[in-house]
Amino acid sequence: MRARHSVFIALMVIVGLNLRPAMSSVAPLLNRLQEVAGLSAASAGVLTTLPVLFLGLAAPLAPILAQRIGSERALSTALGLLMTGLIIRGLPFPGVLFLGSALAGAAIGLAGTLLPALVKRQLPQSADLLTGLYTMALCLGGALGAGLSVPLTHYLGSWQASLMSWALLALAALVLWVIYMPRTPTTSSLASLPQAGALKLLGQPLTWFVMLFMGIQSSMAYIVFGWLPTLLVYRGYDEASAGWTMAISILCQLASALSAPWLARLGRDQRPALLSVLLCTASGLSMLLIAPLSWQWPGAVLLGLGQGGSFSLALSLLVLRTANAQLSGQLSGLVQGGGYTIAALGPFGVGLLLQHGASVAQIAWLLIALLLVCSGFAMLAGRQRCLDDSSGQLVVHKGRLHKETP
């Protein structure tokens with residue numbers, strides 16, 4: 001039993017490593033793409049938005065796909081689609097950069113929705129803590145994408161080869177998942193609730209609180225993935241330094257991604273932890289984009305700690321606010337679908353602001369204002385509430401619930 005759980009945890013980490021490089025590897029190359037490929041700021045905004053938009057559009061389809069072919073095979077399909085998208089975006093044909101980015105985003109939406117519910121099913125008693133480990137893998141993958149993007153361009157000779165090279169990591173994950181994935185009958189996989197169940201979830205305010213928190217904090221994350229190096233270059237950094245600043249920030253997410261769910265267990269609910277990580281995010285943004293350049297590294301550290309913790313807690317809410325794996329899968333699809341669709345507006349909005357002459361400081365203040373709004377939803381989503389349909393009706397229970405009822 002322990003060996004089986006250890007294998008699953010290792011697979012979860014390997015898959016998680018693949019779910020951020022598709023986006024973070026583009027950001028350090030945006031200036032190069034604008035110069036070489038002739039992308040305008042608005043087109044660059046579209047490029048950074050497409051993966052997030054298709055991530056949100058694909059996420060609600062994950063429970064349906066799991067119902068039809070089983071969660072394990074659905075995840076295999078997502079990894080195959082991710083590998084295909086990563087290859088396509090580097091091909092020398094018009095428009096393929098955008099097409100491949102959209103396919104990669106859809107694949108990430110499917111995989112990112114399936115994994116939290118699989119964790120809830122395989123290891124229900126530690127689902128929130130393992131979500132922290134999974135988030136740490138996401139952050140590490142994002143850091144690798146940001147930090148290695150420019151060096152790979154120099155080593156491989158072109159930005160196309162650099163972007164395509166991440167398909168090898170997806171291939172490795174796909175092969176390992178197919179060989180060692182959990183073997184369960186299709187009928188016991190994470191089938192979605194009936195459509196009426198999804199509508200009932202949408203009728204619960206708790207679903208919307210979690211979704212809006214997920215959407216705004218994710219928007220901050222994808223703005224950083226898509227635009228932070230460019231914004232830093234506008235402030236006077238060179239291309240490589242800006243990429244490594246983002247990489248260091250993402251590396252700092254590892255600590256908070258793993259520790260935030262543990263810290264959240266110390267209080268009566270998750271509100272103090274949620275507000276703390278949002279404050280770190282706002283402080284980091286202000287140091288990097290408003291304060292003097294000498295605040296570069298403290299800003300990168302605080303931004304990383306805040307964003308790693310906020311995303312880890314957002315995913316933890318998907319398992320903490322549901323009583324079983326089926327509900328967790330359905331809530332995951334709805335929250336990530338709606339949340340990432342909202343998040344897609346962020347990178348596109350920054351591109352439009354830059355196109356119309358907005359300064360880096362003005363953009364920073366707008367982001368800080370959005371984080372203040374996000375704090376309000378954190379106060380509502382962080383209360384101890386749990387969606388439960390065991391009685392045949394969808395109800396919300398109060399009280400501390402970290403373990404799934406057998």
From [X] atom [atom1] to [Y] atom [atom2], the distance as rounded to the nearest 0.5 Å:
X	Y	atom1	atom2	result
Asn18	Met83	CG	CE	10.5 Å
Leu367	Met220	CG	CE	4.5 Å
Ile368	Ile363	CD1	CD1	12.0 Å
Leu380	Leu212	CG	CG	9.5 Å
Leu275	Leu371	CG	CG	11.5 Å
Thr77	Leu82	OG1	CG	12.5 Å

Non-hydrogen side-chain atoms of [X] and [Y] separated by less than 4.5 Å:
X	Y	result
Leu29	Val150	yes
Phe93	Leu99	no
Leu354	Leu231	yes
Gln270	Arg321	yes
Val335	Leu317	no
Val277	Gln217	no
Leu251	Leu254	yes
Phe209	Arg385	no

**OP:** Go through the steps to decide whether Gln362 and Leu353 satisfy the test side chain to side chain contact (heavy atoms under 4.5 Å, CB included), and finish with yes or no.
**Re:** CA-CA 9 Å; Gln362 288 172 331; Leu353 288 171; over 6 Å; no
Closest heavy-atom contact between [X] and [Y]?
X	Y	result
Ala242	Pro229	CB-O, 3.5 Å
Ala344	Thr49	O-CG2, 3.1 Å
Leu370	Ile216	O-CG2, 3.6 Å
Ala22	Leu86	CB-CD2, 3.7 Å
Leu274	Ala378	CD1-O, 3.6 Å
Leu288	Leu232	O-CD2, 4.0 Å

Subject >> Chi angles and distances behind the side chain to side chain contact (heavy atoms under 4.5 Å, CB included) call for Leu278, Phe213 >> reply: CA-CA 11 Å; Leu278 290 174; Phe213 173 76; 4.0 Å; yes
Would you tabulate the side-chain donor-acceptor contacts of residues 171-178 under 3.5 Å, counting partners in other chains and residues two or more places apart, or write 'none'?
unit_1, atom_1, unit_2, atom_2, d
Trp177, NE1, Glu72, O, 2.9
Trp177, NE1, Ser76, OG, 3.4

Would you confirm whether [X], through its side chain, and [Y], through its main-chain N or O, come within 3.5 Å as a donor-acceptor pair?
X	Y	result
Ser316	Ser312	yes
Ser218	Gly215	no
Gln336	Gly112	yes

Subject >> Within residues 270-320 or reaching into it, pairs that qualify as ring-ring contact (aromatic ring centres under 6.0 Å, His included) - sequence neighbours excluded >> reply: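 Listed by first then second residue: nothing to list.
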Original post:
Under the ring-ring contact (aromatic ring centres under 6.0 Å, His included) rule, what pairs show up with a residue in residues 327-380, not counting sequence neighbours?
Top reply: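 Residue pairs passing ring-ring contact (aromatic ring centres under 6.0 Å, His included), neighbours aside: Tyr222-Tyr340.
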**OP:** Would you list the pairs meeting side-chain hydrogen bond (donor to acceptor under 3.5 Å, both in side chains) in which at least one residue belongs to residues 271-287, sequence neighbours left out?
**Re:**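 Listed once each, the pairs are Asp269-Arg271.
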Subject >> side-chain hydrogen bond (donor to acceptor under 3.5 Å, both in side chains) pairs, two or more places apart, involving residues 89-112 >> reply: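 Pairs touching residues 89-112 that pass the test: Ser25-Arg89.
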Original post:
Would Ile108 and Arg20 satisfy side chain to side chain contact (heavy atoms under 4.5 Å, CB included), going step by step from the backbone distance to the final call?
Top reply: CA-CA 8 Å; Ile108 293 168; Arg20 286 300 175 268; 3.9 Å; yes
Scan the side chains in residues 50-59 for donor-acceptor partners under 3.5 Å anywhere in the protein, sequence neighbours excluded, and list what turns up.
none

